[in-house]
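The structure appears below as structure tokens.
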Amino acid sequence: MTASTPIAESNAPKPIHTDDAGLIAGAISLPAPAGDLPGYRAHPASGGPFPLVLVIQEIFGVHEHIRDVVRRFAHRGYYALAPDLFVRQGDPSHLRTVDEFRALAGRVPDRQVLSDLDASVAFAEASGKADVRKAAAVGFCWGGRITWLYAAHNPALKAAVAWYGRLTGDRTEAQPKHPIDVASALQAPVLGLYAGQDQGIPLPTVTAMQEALRTASETNSAPGAAHAEIRVYPDVPHAFYADYRPSYRPEAAADAWQRQLDWLARHGVA
């Protein structure tokens, strides 16, 4: 395994590479309550401050695809930051099977993750290059679930985009709540991007989340719920945006990426 391919798959496509021309990009270390946290950030080399996008990792960690996504946002004029949210429990770059990644993720407490994301916002603000009044969170897979939780946690967030994040499941000490449990507490509007052929996130759970959002909207229980949306791409599998995996579907990925950019702009993160 390498940093660019978390799980080697012989039929995987050639990953997209986004260069850092015109950007300041690279590894960083940011202070957090539980100790310094590594991460990766990128933003335009001149100008600013720029709207902030927190890029929340897949289960595979802050590997090359996630770093590439950070650079994609930076080329769009954002200050993008992906903190390494697993580092306190282990190093995913040494793992080789999906079960190993899942075991590591299961040890990471949600409360720790939310605190580290708060610290990431503070780091970005202190840099002088990020406008945290225009802040968003975008997460993929494991990070998609976290994105929903963070949208309920941080009232300063303007918008969020959850790419095929799990919506419900077993509740544990580390993960006591899931997105469906916080629909009535969303502080920021979330765009959910989901796959109709996702074997790990059955469509009935997506429908249940849509109903929970509808109920929360009708009761005016949270400002974000009324404006949240879920888009399902019926013919694509889980991880359809992951251009380094066989699951990649270019047409759906391009459409969802543009919807994401439009969503951020619509809610003042542009």
Side-chain angles (χ1 to χ4, degrees), residues 30-35 37 39 51-59 62 78-89 105-126 130-193 209 212-213 215-217 219-230 260 263-264 267-269:
L30 62 93
L37 191 68
L52 171 64
V53 174
L54 295 178
V55 178
I56 306 177
Q57 68 194 55
E58 301 173 313
I59 200 172
V62 183
Y78 291 97
Y79 182 111
L81 170 61
D84 185 343
L85 298 168
F86 286 178
V87 69
R88 309 197 193 291
Q89 277 69 39
R107 298 195 299 270
V108 181
D110 289 341
R111 62 183 180 277
Q112 170 189 291
V113 172
L114 300 178
S115 175
D116 284 341
L117 290 172
D118 287 343
S120 299
V121 174
F123 171 86
E125 182 176 25
D131 183 354
V132 300
R133 298 169 301 174
K134 300 177 179 179
V138 171
F140 299 85
C141 188
W142 179 87
R145 173 183 172 273
I146 294 296
T147 296
W148 287 102
L149 300 182
Y150 197 60
H153 168 80
N154 185 350
L157 210 62
K158 292 291 187 183
V161 181
W163 292 76
Y164 34 80
R166 186 162 53 97
L167 297 167
T168 189
D170 294 336
R171 291 163 180 82
T172 66
E173 182 177 355
Q175 289 95 35
K177 292 184 178 180
H178 292 292
I180 200 165
D181 302 315
V182 301
S184 62
L186 291 176
Q187 301 299 304
V190 181
L191 172 64
L193 299 169
M209 185 66 179
L213 292 170
T215 299
S217 176
T219 58
N220 297 313
S221 57
H227 302 288
E229 295 180 12
I230 292 180
Q260 169 183 253
W263 183 263
L264 298 183
H267 294 288
V269 188

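All values below were derived from every heavy atom in this structure, side-chain atoms included, with hydrogens, water molecules and symmetry-related copies excluded. If you read the sequence from its start, that first residue is 1, and numbering goes on from there.
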Starting at [atom1] of [X], measure out to [atom2] of [Y] and round the result to the nearest 0.5 Å.
| X | Y | atom1 | atom2 | value |
| --- | --- | --- | --- | --- |
| T168 | R145 | OG1 | CZ | 9.5 Å |
| L149 | N154 | CG | CG | 12.5 Å |
| L52 | F123 | CG | CZ | 11.0 Å |
| R166 | I146 | CZ | CD1 | 9.0 Å |
| K134 | Y78 | NZ | OH | 9.5 Å |
| L30 | D116 | CG | CG | 7.5 Å |

message: Does any part of the side chain of P109, heavy atoms only, come nearer than 4.5 Å to the side chain of Q89, both counted from C-beta?
response: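 They are in side-chain contact.
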message: Within the structure provided, determine whether I230 and L213 are in side-chain contact (heavy-atom separation under 4.5 Å).
response: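 A side-chain contact under 4.5 Å exists here.
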Minimum heavy-atom separation for [X] and [Y], please, with both atom names.
| X | Y | value |
| --- | --- | --- |
| A216 | S184 | CB-CA, 3.7 Å |
| L37 | R88 | CD1-NH2, 3.6 Å |
| S120 | L54 | CB-CD2, 3.9 Å |
| W148 | A162 | NE1-CB, 3.3 Å |
| A226 | S217 | CA-OG, 3.4 Å |
| I180 | M209 | CA-SD, 3.5 Å |

Quick one: does [X]'s side chain have a donor or acceptor within less than 3.5 Å of a partner on [Y]'s backbone?
| X | Y | value |
| --- | --- | --- |
| W163 | C141 | no |
| S115 | R111 | no |
| Q187 | L157 | no |
| T147 | A160 | no |
| H178 | D170 | yes |

- prompt: Using the ring of each side chain (for Trp, its six-membered ring), is W142 parallel, tilted or perpendicular to F86, with breaks at 30° and 60°?
  reply: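 Perpendicular.
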task: Tell me, yes or no, whether the heavy-atom count around E125 atom CD, taken from other residues, nucleotides or ligands under 6.0 Å, exceeds 12.
output: no
message: A quick test of your reading: do over 12 heavy atoms of other residues, nucleotides or ligands sit less than 6.0 Å from CZ of R171?
response: yes
field: Intermediate values then yes/no, side chain to side chain contact (heavy atoms under 4.5 Å, CB included), H153 and D118
entry: CA-CA 9 Å; H153 168 80; D118 287 343; 2.8 Å; yes
- prompt: So V108 and L85, side chain to side chain contact (heavy atoms under 4.5 Å, CB included) or not? Walk me through it.
  reply: CA-CA 8 Å; V108 181; L85 298 168; 5.6 Å; no
query: In terms of side-chain heavy atoms, does Q175 have a donor or acceptor partner in T172 at a distance below 3.5 Å?
result: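 Indeed, the side chains of Q175 and T172 share at least one donor-acceptor pair under 3.5 Å.
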- request: Report the C-alpha distance between D131 and Y79 in whole Å, list the side-chain angles of each, state the deciding distance to 0.1 Å, and finish with yes or no for side chain to side chain contact (heavy atoms under 4.5 Å, CB included).
  value: CA-CA 8 Å; D131 183 354; Y79 182 111; over 6 Å; no
